[in-house]
Structure formats: C-alpha cells, structure tokens
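These numbers come from the heavy atoms of this one structure, side chains and all, not from hydrogens, waters or symmetry mates. Computed from a predicted structure; not experimentally measured. Numbered from 1 within each chain, the chains take letters A, B, ... in sequence-line order.
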There are 2 protein chains.
Amino acid sequence: MSDAEQTRQKILAVAADEIHQHGFQATSLSTILNRCGISKGALYYHFSNKIELGYAVFEESFVPLLLDTWQPALSQDDPIEGLCQFFTSMCNQMNSSEVVCGCPLNNLCEEMANVDEGFRLRILSMQEKLNALIVTALARVKGDLRPELKFTQVAYFIVATFHGSTSLSKSSRNKVLYQQVISELCLYIRSLKK
Amino acid sequence: MSDAEQTRQKILAVAADEIHQHGFQATSLSTILNRCGISKGALYYHFSNKIELGYAVFEESFVPLLLDTWQPALSQDDPIEGLCQFFTSMCNQMNSSEVVCGCPLNNLCEEMANVDEGFRLRILSMQEKLNALIVTALARVKGDLRPELKFTQVAYFIVATFHGSTSLSKSSRNKVLYQQVISELCLYIRSLKK
DNA sequence: ATGATAACCGACCACTCGGTATGTTACAAG
DNA sequence: CTTGTAACATACCGAGTGGTCGGTTATCAT
C-alpha cells in the first residue's frame, strides 16, 4: 500500500470512529486531523469536502462492517438460531462504551436521513440490502417456518427491534434494557418456526 | 396569562418544534429568535442558557405530549387492542413530514443521551415512566394473557420496536416500512393473549 | 539535470455559534 | 414626582467551523 493510500485509510478509520462516537455533524475535522497527525491540506487532498468524507466512511467502512457482522449469523444452517446467538453474543461481548455508541447504520439514519439526501439514499440502500439478506436466509428454511409469515415484514421487524434496543440502552448506560429486549426478540424469532 | 409568560410559552413552543425537526444541537437560537420575533435578551431573560431551554422543552412540552399520546390507548378496557389501534391509527394519520420527524423521545435519546447527563437522566426517567404505564396496563388484564410473560420485558420490547420503526421510515421518506413493522408488531402484541 | 506531478503543509478566510454586557422602556410602589 | 424593577432590545465577543490557497518537498520520467 502506497504512502498516500495509507494516509487515506488512516483518515477513513479515524473518521469512522469519530462519526460512530459523536455522529457526523458533531465530528470536527480538526479532531480528525489531530488524531491522524496530518494537516488540513492532506485531508482535502484525499476528500473534496466533509460530506464526501462522510460518504466514503459509510461506503468503505460501515457497509462492509455491517455485512461482515450480519452475514455469518445468517449463513448458518439454522438462521433462526444463528440470529438468536448473534444477538445474544453481541450482548455478552459488549462493554459499556460500545453499548452507548449503538449501530452506525441506525445512528446515521436518525441523524442524517432528514438532513442530507446523499446520506439518506446510501442508508436506504444498506437497509434494503440487510433486509434482503435476512429474507433470503428465512426463505432458505421456509419449510421449517410458519406458512403465513411475510418474510420482508418479519425482516424489517427484526432490524427495527434491534435498532430500538440499542437506542434504549443509550439512556440507561448499561445493557440491562438491551438484554431484555434481545431476550424477548429471541422468543419472537424462535416463534417463527412451526 | 401575563405578557412575560406568553413570551416564555411561545419560546417553548417554537423551540420544541425546532428541536423535534432538527435535533437539539442543530437547533440554532437565532432561528428561534427570528420565528418568535424577539431578541436574544428576551430569550436569556427566561432561560439561563441553551441547555436549560432544552430541559424545559423536554419537561414542559415533550413529556406531557408523550403521556397524552400513550395514555388513552393504555387506559382502554382492552389495552392490547388499544395499543394495536394506537399504532395503526398513528400510521394512518401521519403525513410524510411527520413520518420523517419521528418520536421526540427517541430522537433526543439517540442524539443527547451520550452527550449530556442532564438530558440522559430526563430521557431515562421518561422511558421508565412509559414502561411502567404499559406494565400496569398489561397487569390489569393479566388473566387474558399468557402466564409466562415478563411484563417489563414485553413493554420495553414494544417501545423498542416502535422507535425502531420510526427510524426505518426516516430513510425511506414514506410510511411503507413503518406500516410493515407496525403490522408485525400488532401480530406480536395480539399473540400475547392466551 | 530538469521539469512535472503527487502528496502534503499551514496560514488564512468568512461565517455561525452560544453567551454577555449595557442600554432602554413601561409600569408600579412609595 | 421619583425610584426601582420586570421585561425586554441591541451591540458585541471569543471560539470554533468547514473550506481555500499559495507554497513546499520528494519522487520520477525524460
């Protein structure tokens, strides 16, 4: 990897972390510059402005991260159990600082969907992609599931509840509430089976 | 109502609207001043700083609004049907601009819970209050419900899913996704009955 | 050796923000 | 008639923001 590409990647990594922690609008370019140890010229050489940097972070950091996170759970032989274990283990692994940060996709959706059209479309696309992943996984074990289920609806329901649970834990600063919602979510997911 | 109190109420109303639309941090005092047709001196006569204004908006506008919104649904003879009708009718009533604004409680939680302790505690208190309302309603018809249910857990689950659904619709800019999640949520809620 | 270019530096700009300090006006009490 | 105070208005401040621009350095093809 060239020096320039290394710089670009470092900017992306630091920016992703800052955006995840403080949101896009509250993220200051000067903070990114300080953490990277570079100058403003360097940043504006690689990205034309703040929002283009934001788009790059979303596409090159958040999207792959989200896919890599959900994919394994959904690829298991039994995606129903895969999802339950995924949610439960995520809950167990989390420390308190991660609890408070939430899911980057949900965070950006709450903050930027009404503010910037470019963000909105990227977020929507990612939500649809995630939904399609879940629907595919459910369809794969269709025979084991209750026949009246609407997969798309169920998939959005699961994601909505998951994101809602992360929101809840932000105010309590611990994972107790998160744990309860996830526990109930697993009951619901398992009830999808015949 | 005195002139001074009228001024205060107008500031609160406009601030509540701005915060609901753009979030607390992105809300500019000068915008509030312009919309109210008052000067900065007037605002700082009634509120000591921006965050105290935010607290006042939360306590005097959002909390009563939320309670007035949820209370009727939960006070019905059958709170299960009350909740389902509440969610469904809210979905039908919403126009596209309301879809995009979401629930003030959830918005502030996502934005401010990690940022300011005063907001965090007020939000947490409201969430617990709302949860208690739902738990009480469920306990009232305990005999009709499945015996193994954990009411607190179920209540947090319902609120989490509701808030997650509002987040989803922010990116799609219509209520299709919201409708689907609510539809599935009603299926879940009705399944709580024996 | 030289010119070009990629990669970066850092001073500077216009602007907005929340907040403050001083000034003004209307009214009410003494 | 004076004085005091509630209820504002207005000018101003410092800090921080995203963004620009002229300059610098290292590398590399010719």
Under the 3.5 angstrom rule, does the side chain of [X] hit a backbone N or O of [Y] as a donor-acceptor pair?
| X | Y | value |
| --- | --- | --- |
| S48(B) | Y44(B) | no |
| R122(B) | G118(B) | yes |
| S183(A) | Q179(A) | no |
| E111(A) | F24(A) | yes |
| T31(A) | T27(A) | no |
| S167(B) | H163(B) | no |
| T88(A) | Q85(A) | no |

Tell me every residue that passes salt bridge (Lys or Arg N to Asp or Glu O under 4.0 Å) with [X], counting only those two or more places apart in sequence or in another chain.
| X | result |
| --- | --- |
| E110(A) | K170(B) |
| E52(A) | none |
| K193(B) | D78(B) |

F47(A) ring center within less than 6.0 Å of Y55(A) ring center: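 Here the rings of F47(A) and Y55(A) have centres that are no less than 6.0 Å from each other.
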
Within residues 10-21 of chain B: residues closer than 4.0 Å to DNA chain D (heavy atoms):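 Those residues whose heavy atoms fall under 4.0 Å from DNA chain D, taken from residues 10-21 of chain B, amount to none.
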
Residues which pass ring-ring contact (aromatic ring centres under 6.0 Å, His included) with Y45(A), listed by chain and number, not counting sequence neighbours: none

Which residues share a ring-ring contact (aromatic ring centres under 6.0 Å, His included) with F151(A), sequence neighbours left out: none

Any pair counted as salt bridge (Lys or Arg N to Asp or Glu O under 4.0 Å), so long as it reaches residues 15-32 of chain A, sequence neighbours left out: D17(A)-R35(A), E18(A)-R35(A)

Sequence neighbours excluded, every pair satisfying salt bridge (Lys or Arg N to Asp or Glu O under 4.0 Å) that has a member inside residues 128-145 of chain B: none

Protein-nucleotides 15-17 of chain D N/O pairs under 3.5 Å:
unit_1: dT17(D); atom_1: OP1; unit_2: S28(A); atom_2: OG; d: 3.0
unit_1: dT17(D); atom_1: OP2; unit_2: S30(A); atom_2: OG; d: 3.3

Heavy-atom contact window of chain A on DNA chain C, given 5' to 3' at under 4.0 Å: dA6(C) to dG10(C)

With the criterion being N/O to N/O and under 3.5 Å, what pairs connect the protein with nucleotides 7-9 of chain D, and how long is each?
unit_1: dA7(D); atom_1: OP2; unit_2: Y45(B); atom_2: OH; d: 2.4
unit_1: dC8(D); atom_1: OP1; unit_2: T7(B); atom_2: OG1; d: 3.4
unit_1: dC8(D); atom_1: OP2; unit_2: T7(B); atom_2: OG1; d: 3.3
unit_1: dC8(D); atom_1: OP2; unit_2: H46(B); atom_2: NE2; d: 3.3
unit_1: dA9(D); atom_1: OP2; unit_2: S39(B); atom_2: N; d: 2.7
unit_1: dA9(D); atom_1: OP2; unit_2: S39(B); atom_2: OG; d: 2.7
unit_1: dA9(D); atom_1: O5'; unit_2: S39(B); atom_2: OG; d: 3.2

Residues within residues 108-118 of chain A bordering DNA chain C, heavy-atom distance below 4.0 Å: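 Those residues whose heavy atoms fall under 4.0 Å from DNA chain C, taken from residues 108-118 of chain A, amount to none.
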
